[in-house]
Amino acid sequence: MTLTGNLLIGQRAVPGTEAPIRAIDPATHQPLEPAYPGASAEHVAQACALAWAAFDAYRETSLEQRAHFLDSIAGQIEALGDELIHRAVAETGLPPARIQGERGRTCMQLRTFARVVRAGEWLDVRVDPALPERQPLARPDLRQRQVALGPVAVFGASNFPLAFSVAGGDTVSALAAGCPVVVKAHGAHPGTSELVGHAVALAVKQCGLPEGVFSLLHGSGREVGLGLVNDPRIKAVGFTGSRSGGLALLHAAQARPEPIPVYAEMASINPVFLFEHALQANTDALAQGFVASLTQGAGQFCTNPGLVIARQGPALQRFVEQAGEHVRQAVAQTMLTPGIFSAYEAGVAALAENRNAQTAASGQPAQGPNQCQAQLFVTEARAFLADEALQAEVFGAASLVVTCDSDEQIREVAEHLEGQLTATLHLVDADLASARALLPTLERKAGRILVNGWPTGVEVCDTMVHGGPFPATSDARSTSVGTAAILRFLRPVCYQGFPDALLPQALQQGNPLHLRRLLDGQREA
Ligand code: NAP
């Protein structure tokens, strides 16, 4: 397919009229063709109007129709073949194997949500039958189901050009819930976005859905992005990116005459707690596993282990030496964008200049533009507790080891942390009591707590929580990865005293969709 640089407003490919975005190959620092002129306020309004016009019809598509649509998107993405891989590699600097893996994950995610839609459990049907004889008051017939919130604005993430971008986790969970989607493409990968956007638009057409179910806009966050968030027809927002970007969208959404939810995934440093006996027993393996997780993908994962917390002593000293050795061998890797590279350099410089932190090791120097040199720093718990700057996210392969003098101080450090996507515990049986004492704190701080693993690598499944208290996300009650992500874009409606003929199918007396209902307080088999 020839890239056009156009916007996709429903089924129409339209040239933008505002300042153009041009991808830069971060490996060569060269601009890539074509240019993507930005959407105007009029284009934003057109996409939102189409999405609104599509909403009522789309949210009442049958479970099978909607599931088939999600399966079709996966098929269309696969049909793009190597062109998608080549373009995504050029726009992100990520290796082809990573992009191929991400394409697989994206299509698996779409098919997983197709399964979820077909099963219909997400409708969460509840029925309280009428009790006309009840004293002192009769009870009317009451029924509840979940309905879609409305059109959703999705911001493509820079660090997952497929799995969290145009047809990624936010888009698929919104579409699964019955919400039309308008995507604001990330300026770092507009060509990848155009290819995937075209695949989604083809699936919309093939499935005979209203065209407004999906649109794709290019342009700046402050104009196109805020334009979407402020449009009254948009009813929710999905975002992954910086703390400042997420907060700007959150504030805009709350300042609307009708405030709307923003599901923003922002900053997390993902503390790793190395308990004393585990550290003594497995020092070298832990150092190796930690640095592998830290440097994977140039550290550009939201679950990257940016903080290690442990009791000081010979085992921790050895861990730092061993981890330092692995860091020194780590080859510099190209980062996603020149902007992300500069932010990494600034974050690392701030730590290097902070008199409370010492540089323990630096990775292999850069051999080309925008390459991330891995870094390991060490600080003491007292300094960490006194200096907020030490827990700022440095997006990339940099981490800070915090040395503590007691379990109590470890708990103090944990209490001091901001909200996190993950918290990791490394332990053996002899550490269970220490770990148990820390758990209540970690449950308040993190969305996912893992034992004897590493936080990078987020499974797409029914139990996953990729969320957490602020600033990990803007809404700790939700997850952006896994099938529970659909819940973000639903709300309950209660139908009281309805004749059967007027009820939506999911709630009808004969249960034609064969759903497992909560009937008069009992879950049906
Ligand atoms: P970003 O700067 O937050 O941009 C993400 C999206 O939000 C872009 O579409 C951007 O539009 C838009 N945006 C940003 N600020 C905005 C504002 N004030 N108003 C309206 N829209 C706004 O994130 P990024 O480009 O991916 O990377 C920058 C930094 O974000 C990284 O260095 C890293 O610190 C952090 N990051 C964190 C994660 C994570 O998972 N924790 C992931 C990726 C990035 P534009 O097109 O105008 O840029």
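For ligands, and for the atoms within them, numbers begin at 1 and follow the listed sequence.
By the definition of a contact as any protein heavy atom under 4.0 Å away, atom 23 (O) of ligand 1 is in contact.
Considering backbone and side-chain N/O atoms, Ser244 never comes within less than 3.5 Å of an N/O atom of ligand 1. Considering backbone and side-chain atoms alike, Ser158 places an N or O below 3.5 Å from some N or O of ligand 1.
Of the candidates Gly241, Gly221, Gly396, the one placing a heavy atom closest to atom 47 (O) of ligand 1 is Gly221. Residue nearest to atom 5 (C) of ligand 1, selected from Phe341, Phe155, Tyr344, Phe239: Phe239 (by heavy-atom distance).
Listed by atom number, the atoms of ligand 1 under 4.0 Å from Ala248 heavy atoms are 17 (C), 18 (N), 19 (N). Here is the list of ligand 1 atoms found below 4.0 Å of a heavy atom in Asn159: 40 (O), 42 (C), 43 (C).
The structure places CG of Leu217 at 12.0 Å from CG of Asn6, a figure rounded to the nearest 0.5 Å. Rounded to the nearest 0.5 Å, atoms CG (Leu202) and CD1 (Ile77) are 11.0 Å apart.
Cation-pi check for Arg98 over Phe160 is met; the charged atom lies under 6.0 angstrom from the ring centroid and within 45 degrees of its normal.
A salt bridge does not link Lys445 with Glu418: none of the charged nitrogens is closer than 4.0 Å to a carboxylate oxygen. Using a cutoff of 4.0 Å between basic side-chain nitrogens and carboxylate oxygens, Glu258 and Lys235 are scored as salt-bridged.
Using a 4.5 Å heavy-atom threshold, the side chains of Asp170 and Val152 count as separate.
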